[in-house]
Amino acid sequence: MPVLWLILIIIAITTVGFLLGCSRAQRSVNGNVRALHSLPSYYGINVGIWTAIPAFVILGLWLLIQPVLIESHIQQSVQSIATGKDVTFGLIMSDIRRVADGLELAITEGGMTLDEIQSNDLDIDTLLQTLNSLGVILGTNVSNSVLKSAQEYQKLSAGGNILMSITVLATMITGLGLALVKTNKNFRARISVEYGILAILFFAASIAIMTTIGILFSLAVNTLEFFKLYSAIDFFFGLEWAPSFSGRGGSSSLGVIPLLWGTLYISVIALLVAVPIGIYAAIYLSEYATPKVRAFTKPLLEILAGIPTIVYGLFALLTVGPMLVKVFGNNTVGWMDGGTAVITAGFVMGIMLIPFVSSLSDDIINAVPQTLRDGSYGLGATQSETIQQIVLPAALPGIVGAILLAASRAVGETMIVVLGAGAAARLSLNPFEAMTAVTAKIVSQLTGDSDFASPEVLVAFALGTTLFFLTLGLNVLALYVVRKYREQYE
Amino acid sequence: MTDLSADMPPSFKQKPLTISDQRTRARNAAEKRFRLYGVAAITAGLVFLILLVFSIISNGLPAFKKTVIAIDFKLTTEQFETAEAALLKTRVYSDYFTQTLTHIITNSELNLEINSRSIERIIGKVGGTLRQFYRENRNMLNQPVHFDLPAASRIDRYFKGTFSRDGITKENRFIQVEDLDLVDALAEVGIIQQVFNWQFITGVDTGVDNPGGAGIGAAVLGSFMMMIVVLLLSLPIGVAASIYLQEFAPKNWFTDFIEVNISNLAAVPSIVFGILGLAIFIQFMHLPQSAPLVGGLVLTLMTLPTIIISTRASLRAVPPSIRDAALAVGASKMQAVFHHVLPLAMPGILTGTIIGLAQALGETAPLLLIGMVGFVARYPDSILGGFEGPNSALPAQIFNWASRSDAVFVEKAWGGIIILLIFLLSMNIVAVLLRRRFERRW
């Protein structure tokens, strides 16, 4: 039974359960609702919760666990196929899955019966023909042993699905029955329902934790896998980035230093653009600008933060790059060969970061109490002296925090770097040269057909881990600076 | 006092206050300079914004126009059958079109030298469109039908000003200078004209051989499907999580841990969410690649922190007196929140959600990792199947076009950006209006 149908059945039965619960509660007091502990709808909701939630939980867990169990069962036979061949385990597994899907499709749409699919003398050509007539192309030549495994897979998952439907429906009926039995005038339905809702709210809040665990898990597993194939020391201290996709590892050097260098160089240029402009803009807006100017200018500057990064990427690649080439290119000083360069990406990223720096600094400068300024004016300081010597030092921790957050943003920025910085990994001081960054290489190593067994693909996860901890470190540092050095004005 | 002033240095006594000394002048100059730096910074920011908007509009608007050859064309049944019997069918249709165009030009008032090679060069890919039309509408055979068929992509660029006569050599197979003379003459009598390019808005991606026909419709639909997934998941989950944290969570280490996690996730680079999606949803759970469902899941996880943070802010803005009043008339805590606090906070929550959705709509990097850069040149067959099947997304399609080297695709990429920004702008306007309309000061 397809999962969609199962879900629809659960929803339908839940609705029925709700109505049954309501009417049963009312019948238990012969229509005198005031004798009930809770409002009738709470009895209905209680039945609904007991019908739907356990069934959905079991359905979800089953869908997650069943493929894992089946795959570990199939694994033995796959290992025998994989031995002595130049194909990886993962590729064979995905072949098997594809053929099994094809078998499933042949049953539902191709008019083949289950017996035909599971018979020992089903040959691959018949299957391919049937599927071709359905418009499905399995692609690569499928060997007989893969077909056997796929048959096994299909049998297990079909059996599992039937079992799943039965279990889910049984849980649902049991929950419905139990909740209905409990429904009488003394049952404290509202309290029970509120516990249920609280549990759901708690579950929703803990999704944040699960996301973090998911990120750490997906990074850690694949990074460890990578370090099994490629030495960690060579990765962290390697000065060369030259992945080869021809051979199966061995010949590539995957040092992270050139990529980190590119990332840091681009970020530094971006901050050199964004920090002065951002801070001076914040000072002007909060100290000098009339309310009218402020109401007009601040939202305009903040538009820069709302524009998607792909737009900045295109802007770097097609507008700023060619413009810089015109200024620094071969026709004038000859420093720049192509539009994609560190300075292109850095400059555009700087534009993107201006509102980050300015908005955060603006808030912080506004939070400095007026009494400090008044005291300074009272001593005869000019406005700029007050700002430079009183306001800015008081706001400094917050401003440093804002800059660090902007830096973390710059390090993790992807599209501008992918489009504007170039593709060659280089350790160079020249900002007019094309360099590449960590994020750009994550994209280029992971797009396309990824076979999660080669170091050239897995390295992306190691890069992701590096990036994750780099940005996390910057954020934590920003928080620490703000907390530690913040002046409290009460 | 008089005794004291007698001991003061003479300079303080001598100069009147109305004449500023050198030090005051320097300080006032410094003040002016400082102020100027601020103005310069703001101006720089605004100039960058104007530059950005200008380059988007000037590069993107041409994508909404296309150059067409507008003539009345007649196909006889005989010609139709000949064409359908031929080996290269679309080629035969093209030839018929060339003949008709030649015929029209010779019969017209124009005093032109006709070179049939020129005409072949200036028409775009018309055979396929003509064939499709006549196969579907056989009753239109033998009578004149008005067609707006695309001109060659170089002619299109010539009209948009990105292609000129200068670069054309005698050896160029695709275009010659005399072709452009012919085009100019035809444009004057209205046979060649520029029209609004509906195909760009409704069409699908095309291969590199037909850049002019590429459209963004399928990608818009893909993005729309993703946004539906994001909205359906992130709004309930985000609201539930915020209600828990803001109204019910006990003060303990676990609540703190959740809060730290949320603020951290808000700062994790988007590409890391792409890695998460790739590893968990595709590698581990074997969900289909390039599907709006997976894209929506990844974007949901990414926007959840934003939505939770803004939802909590709007819950916090509801004054405690509302809760107290509800509790005082006998509501349970849950009832106070769901019947009173939540409805009052709803405008703020919706505003935050729309802004979160706008952020998700423009996000590109995670989509690249879950495979939404493939070449998808069709609309999904069914609504539900579309969520699982391969699909494109607006920003991914823009990236895809930008990385092809053809100038026509680059123009399409800018055009796509205009469409993306129109969506973002309208979402933000809705958010602002919502806030204006329902904002309450307590």
Side-chain angles (χ1 to χ4, degrees), chain A residues 64 67 97 190 194 197-198 200-202 204-209 211-212 214-215 218-219 222 276-277 280-281 283-284 288 297 300-301 303-304 306-311 314-315 317-319 351 354 382-384 405 408 412 414-415 419 439 442-443 446-447 452 461 464 467-468 471-472 475, chain B residues 27-28 30-31 34-35 37-39 41-42 44-46 48-49 52 55-56 59 237 240-241 243-245 248 257-258 261-262 264-265 267-272 275-276 278-280 283 285-286 301 304-305 332 334 362-365 368-369 373 395 398-399 402 410 413-414 417 420 424 428:
Chain A
L64 271 181
R97 263 197 305 277
R190 199 200 75 228
E194 289 188 350
I197 293 179
L198 194 63
I200 296 173
L201 296 184
F202 178 75
S206 44
I207 282 182
I209 296 183
T211 311
T212 311
I215 289 176
S218 51
L219 287 175
N222 289 298
I277 296 182
Y280 273 112
I283 289 174
Y284 187 82
Y288 289 106
T297 320
L300 273 184
L301 275 185
I303 289 180
L304 285 175
I307 291 176
T309 54
I310 175 81
V311 180
L314 221 59
F315 184 57
L317 177 69
L318 300 169
T319 307
I351 297 178
I354 290 173
T382 65
Q383 200 169 2
S384 67
L405 284 183
S408 137
T414 310
M415 296 321 295
L419 286 169
T439 46
I442 294 178
V443 170
L446 279 182
T447 39
F452 290 99
F461 291 95
L467 181 71
F468 180 74
T471 50
L472 187 70
N475 294 331
Chain B
R27 286 175 67 198
N28 285 340
E31 169 73 32
F34 191 74
R35 219 183 143 121
Y37 293 152
V39 174
I42 301 249
L46 294 183
F48 291 147
L49 180 66
L52 185 61
S55 88
I56 290 170
N59 288 310
I237 295 178
I243 290 181
Y244 178 76
L245 290 173
F248 293 103
F257 185 54
I258 294 180
N261 261 304
I262 289 174
N264 257 332
L265 285 178
V268 166
S270 59
I271 190 157
V272 173
I275 293 182
L276 167 85
L278 179 65
I280 302 281
Q283 194 189 359
M285 284 164 65
H286 302 304
L301 294 181
L304 258 185
S332 72
M334 195 69 78
E363 200 52 68
T364 321
L368 301 186
L369 294 196
V373 275
I398 293 169
F399 173 72
V410 168
W414 284 112
I417 280 184
L420 178 65
L424 291 184
N428 278 298

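This structure is a prediction, so every number in the text was calculated from the model and none was measured. Every chain is numbered from 1, with letters handed out A, B, ... down the list of sequences.
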Worksheet item: Which bit of Leu300(A) comes within less than 4.5 Å of chain B, counting heavy atoms only: side chain, backbone, both or neither?
Response: both

Practice prompt. Give the member of Leu201(A), Leu219(A), Leu301(A) that has the highest number of heavy-atom pairs under 4.5 Å with chain B.
Written response: Leu201(A)

Worksheet entry | Straight-line distance of Thr364(B) OG1 to Phe399(B) CZ, nearest 0.5 Å | 8.5 Å

Practice prompt. Give the C-alpha distance, both sets of side-chain angles, the deciding distance and a yes or no for side-chain contact (heavy atoms from CB on, under 4.5 Å) between Gln283(B) and Leu278(B).
Written response: CA-CA 6 Å; Gln283(B) 194 189 359; Leu278(B) 179 65; 5.7 Å; no

Discussion item. I need the Ile271(B) CD1 to Ile442(A) CD1 distance, nearest 0.5 Å.
Written reply: 4.5 Å

Discussion item. Could you check whether any side-chain N or O of Glu31(B) sits under 3.5 Å from a backbone N or O of Gln383(A), counting only pairs where one atom can act as donor and the other as acceptor?
Written reply: yes

Worksheet item: When only pairs under 4.5 Å are counted, which of Met285(B), Arg27(B), Glu363(B) shares the most heavy-atom pairs with chain A?
Response: Arg27(B)

Fill in: Nearest non-hydrogen partners of Trp414(B) and Ser55(B), listed with the distance
CH2-OG, 3.8 Å

Response to the item:
Of Val410(B), Asn264(B), Leu301(B), Leu276(B), the largest count of non-hydrogen pairs under 4.5 angstrom with chain A goes to Leu276(B)

Worksheet item: Between Ala240(B), Gly45(B), Ser270(B), Ala30(B), which has the largest tally of heavy atom pairs under 4.5 Å with chain A?
Response: Ala240(B)

Discussion item. What part of Leu64(A) gets within 4.5 angstrom of chain B, counting heavy atoms only: side chain, backbone, both, or neither?
Written reply: side chain

Item to complete: Against chain A, work out which of Ser332(B), Pro395(B), Ala402(B) has the most heavy-atom pairs shorter than 4.5 Å and name it.
Response: Ser332(B)

Worksheet item: Does any heavy atom of chain B fall under 4.5 Å from the side chain of Thr211(A), the backbone, both, or neither of them?
Response: both

Worksheet item: Is it the backbone or the side chain of Leu198(A) that comes under 4.5 Å from a heavy atom of chain B, or both, or neither?
Response: both

Fill in: CG on Leu467(A) to OG on Ser408(A), rounded to 0.5 Å
9.0 Å

Worksheet entry | Close side-chain approach of Asn59(B) to Leu318(A), heavy-atom, < 4.5 Å | no

Practice prompt. Side chain from CB out, backbone as N, CA, C, O: work out which of these in Ile209(A) comes under 4.5 Å of a heavy atom of chain B, or both, or neither.
Written response: both

Worksheet item: Checking Ala44(B) against chain A: side chain, backbone, both or neither under 4.5 Å from a heavy atom?
Response: side chain

Discussion item. Looking at chain A, which one of Val272(B), Ile262(B), Ile258(B), Asn28(B) has the largest number of heavy-atom pairs inside 4.5 Å, strictly under?
Written reply: Ile258(B)

Worksheet item: Which bit of Leu314(A) is near chain B, if near means a heavy-atom gap under 4.5 Å: side chain, backbone, both or neither?
Response: both

Item to complete: Of all the heavy-atom pairs spanning Ala279(B) and Phe461(A), show the shortest one and how long it is.
Response: CB-CE2, 4.2 Å

Item to complete: Would you mind checking which part of Ile354(A) comes under 4.5 Å of any heavy atom in chain B, side chain (CB onward), backbone (N, CA, C, O), both or neither?
Response: side chain

Item to complete: With rounding to the nearest 0.5 Å, note down the distance linking CD1 in Ile56(B) to OG1 in Thr319(A).
Response: 8.5 Å

Worksheet item: Quick one: what part of Tyr37(B) sits under 4.5 Å from any heavy atom of chain A, side chain, backbone, both or neither?
Response: both

Worksheet item: Looking at side-chain heavy atoms only, is the closest gap between Leu304(A) and Leu52(B) below 4.5 Å?
Response: yes

Discussion item. Heavy-atom pairs under 4.5 Å with chain B: which of Ile200(A), Ile303(A), Leu405(A), Ile197(A) has the most?
Written reply: Ile197(A)

Item to complete: Look up atom CG in Leu304(B) and atom CG in Leu265(B), then write down how far apart they are to the nearest 0.5 Å.
Response: 9.0 Å

Worksheet item: In Å and rounded to the nearest 0.5 Å, what is the OH to CZ distance from Tyr288(A) to Phe34(B)?
Response: 5.5 Å

Discussion item. What part of Asn428(B) gets within 4.5 angstrom of chain A, counting heavy atoms only: side chain, backbone, both, or neither?
Written reply: neither

Fill in: Leu424(B), part contacting chain A, at a heavy-atom distance under 4.5 Å
side chain

Worksheet item: Hey, which of Ser384(A), Gly412(A), Pro308(A), Ala281(A) has the most heavy atom pairs under 4.5 Å with chain B?
Response: Ser384(A)

Item to complete: Let me know if Ile417(B) has heavy atoms under 4.5 Å from chain A in its side chain, its backbone, both or neither.
Response: side chain

Worksheet item: Yes or no on side-chain contact (heavy atoms from CB on, under 4.5 Å) for Phe315(A) and Leu419(A), after CA distance, side-chain angles and deciding distance?
Response: CA-CA 9 Å; Phe315(A) 184 57; Leu419(A) 286 169; over 6 Å; no

Worksheet item: In terms of heavy-atom pairs under 4.5 Å with chain B, which of Ile277(A), Thr439(A), Thr471(A), Ile310(A) leads?
Response: Ile310(A)

